[in-house]
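Naming convention: chains lettered A, B, ... in sequence-line order (proteins, then strands); numbering from 1 in each chain. Atoms considered below: every heavy atom in the structure, side chains included; atoms not considered: hydrogens, waters and symmetry mates. All figures in this text were calculated on a predicted structure; none of them were measured in a lab.
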Amino acid sequence: MSDALSFEDIELGDELAVVHPDVSMANVKKFCGAAKHSFERFIDHDAARAEGFPGAIVPGIMSQGLLASMIHRWAPGCTIKSIDTVFRGSLLVDSQITMTGAVTDTDESERRIELDLTILAEDGRTGVIGTATVEFPV
Amino acid sequence: MGSGSSDLDLATIRDDWVGVEFDWATFEMKTEDMIEWAEACGEDDARFIDPAHPDFQAHPGYTTHCMSGRVLPEGFPQIGSGFGIDGGKSVEVHLPIRSGDTLNATTTIADVFDKTGRSGTMIFIVQRMEFRNEQDDLVSTVDWKMIKKA
């Protein structure tokens, strides 16, 4: 843990490394299995098209989990105190999506920071926006 | 704060329904599902994927998949059109959720409000689930925003 990002290393405006998470059908099916999500629009392209989507879509709660993992990878050992995501548009399974984040506030007394989070679809549309509060160990 | 196509006054609905508990459920936290969830989310922190880790716990948003038995309370007024769309989820992590925990969830209506934008007036109904462990400690709060066209 010695090389972990510490609260003292962080400055307002810092950006998290961009991440392209795995939203392959195999991985989304794995998530849906753990989440007991049996909706076909998440795990079957044809079924999703029949519902009017361009293809199977990534569950909203999975997109939130992907963002949480991005935060943990950026700041190992940190604790996510809250994460709030707004689902703006669909993210397609088997596509390349892009996650970004930036520090928007810091609180020295609580050793907490605020992050703005975004997930872009492969075509550049905004799929998810969000915020998170993250606490750092002493 | 108009109520769009509904003749109902949202302020009255808020007064009548915000804070009303309408569903109670129990959820078992299983190691395999906690790990699969975290791994599928791309997690590589041992706290979330290694059950032998001394601080092994559920991923922050793990409770978001625990669904209330009812979407709205019995007798809740018909406002907006259609079933509504998922507007997003907000999670507060109060304490770690451990493998083997049995969580008791209580569901309430947390807020009802509207917003008017380019696509017209939309009604937001916020459903809140609070999760407590066997020690009755609050471990997680999940707010789910359901959006309906007014």
Side-chain angles (χ1 to χ4, degrees), chain A residues 1 4 19-24 26-39 42 57-90 97 99 117 127-135 137, chain B residues 25 27-49 53 55 57-67 83-97 110 115 117 119 122 124 126 128-129 139-147:
Chain A
M1 229 29 136
V19 175
H20 301 290
D22 178 2
V23 291
S24 64
N27 201 41
V28 171
K29 282 184 174 175
K30 178 176 178 173
F31 178 85
C32 288
K36 314 301 178 207
H37 255 31
S38 54
F39 303 107
F42 299 133
I57 58 172
V58 179
I61 58 174
M62 181 175 180
S63 63
Q64 188 181 73
L66 295 169
L67 289 166
S69 297
M70 175 178 72
I71 296 167
H72 289 147
R73 191 164 300 178
W74 173 66
C78 73
T79 300
I80 296 174
K81 303 301 290 183
S82 66
I83 183 165
D84 183 359
T85 47
V86 177
F87 308 140
R88 295 273 297 273
S90 53
I97 66 174
M99 302 196 298
L117 306 165
V128 177
I129 56 172
T131 58
T133 302
V134 180
E135 187 174 275
Chain B
F27 302 94
E28 308 289 335
M29 300 294 106
K30 295 180 180 171
T31 306
E32 318 81 66
D33 290 339
M34 290 163 58
I35 295 171
E36 293 272 298
W37 174 293
E39 286 180 344
C41 289
E43 187 58 70
D44 57 10
D45 186 325
R47 288 178 296 170
F48 306 101
I49 58 174
H53 191 282
D55 195 23
Q57 59 187 274
H59 214 232
Y62 188 67
T63 49
T64 56
H65 80 285
C66 300
M67 302 293 286
F83 291 107
I85 58 171
D86 187 353
K89 284 200 164 80
S90 171
V91 181
E92 271 191 84
V93 180
H94 305 287
L95 288 171
I97 293 169
K115 282 185 180 177
S119 53
M122 310 298 283
F124 292 70
V126 184
R128 176 168 296 161
M129 291 184 77
V139 293
S140 175
T141 302
V142 177
D143 280 0
W144 170 48
K145 292 180 276 293
M146 184 199 316
I147 304 175

Leading residue by heavy atom contact count with chain A [cutoff under 4.5 Å; candidates B:Asp143, B:Asp55, B:Asp44]: B:Asp44
Atom of A:Gly77, atom of B:Asp45 and distance for their closest heavy-atom approach: N-OD2, 4.0 Å
Nearest non-hydrogen partners of B:Lys89 and A:Ile61, listed with the distance: CD-CG2, 3.8 Å
Plane angle bin for B:Trp37 and A:Phe31 - parallel if under 30°, tilted between 30 and 60°, otherwise perpendicular: tilted
Winner by heavy-atom pair count (cut-off under 4.5 Å) against chain A, out of B:Glu39, B:Glu32, B:Met34: B:Glu39
Spatial distance of atom NZ (A:Lys81) from atom NE2 (B:His94) [nearest 0.5 Å]: 9.0 Å
Minimum-distance pair of heavy atoms, taken over all atoms of A:Ala34 and B:Glu36: CB-CB, 3.7 Å
Heavy-atom proximity to chain A below 4.5 Å, by part of B:Lys145: side chain
Option in B:Gly61, B:Pro96, B:Ser90 with maximal non-hydrogen atom pairs under 4.5 Å from chain A: B:Ser90
Minimum heavy-atom distance A:Gly65-B:His59, with the two atoms named: O-CE1, 3.3 Å
Closest approach of B:Arg47 to A:Cys78 (non-hydrogen atoms, all atoms of both residues): NH2-O, 2.8 Å
Shortest non-hydrogen contact from A:Ser69 toward B:Cys41: OG-O, 2.8 Å
Between CD on residue B:Glu43 and CG on residue A:Leu66, distance to nearest 0.5 Å: 10.5 Å
Top contributor to chain A interface from B:Cys66, B:Gly87, B:Ala38, B:Gly88 [non-hydrogen pairs under 4.5 Å]: B:Gly88
Most contacts with chain B, counted as non-hydrogen pairs under 4.5 angstrom, among A:Gly60, A:Ala68, A:Ser82, A:Ala35: A:Ala35
Nearest-0.5 Å distance that lies between atom NE2 in B:His65 and atom NE2 in A:His37: 9.0 Å
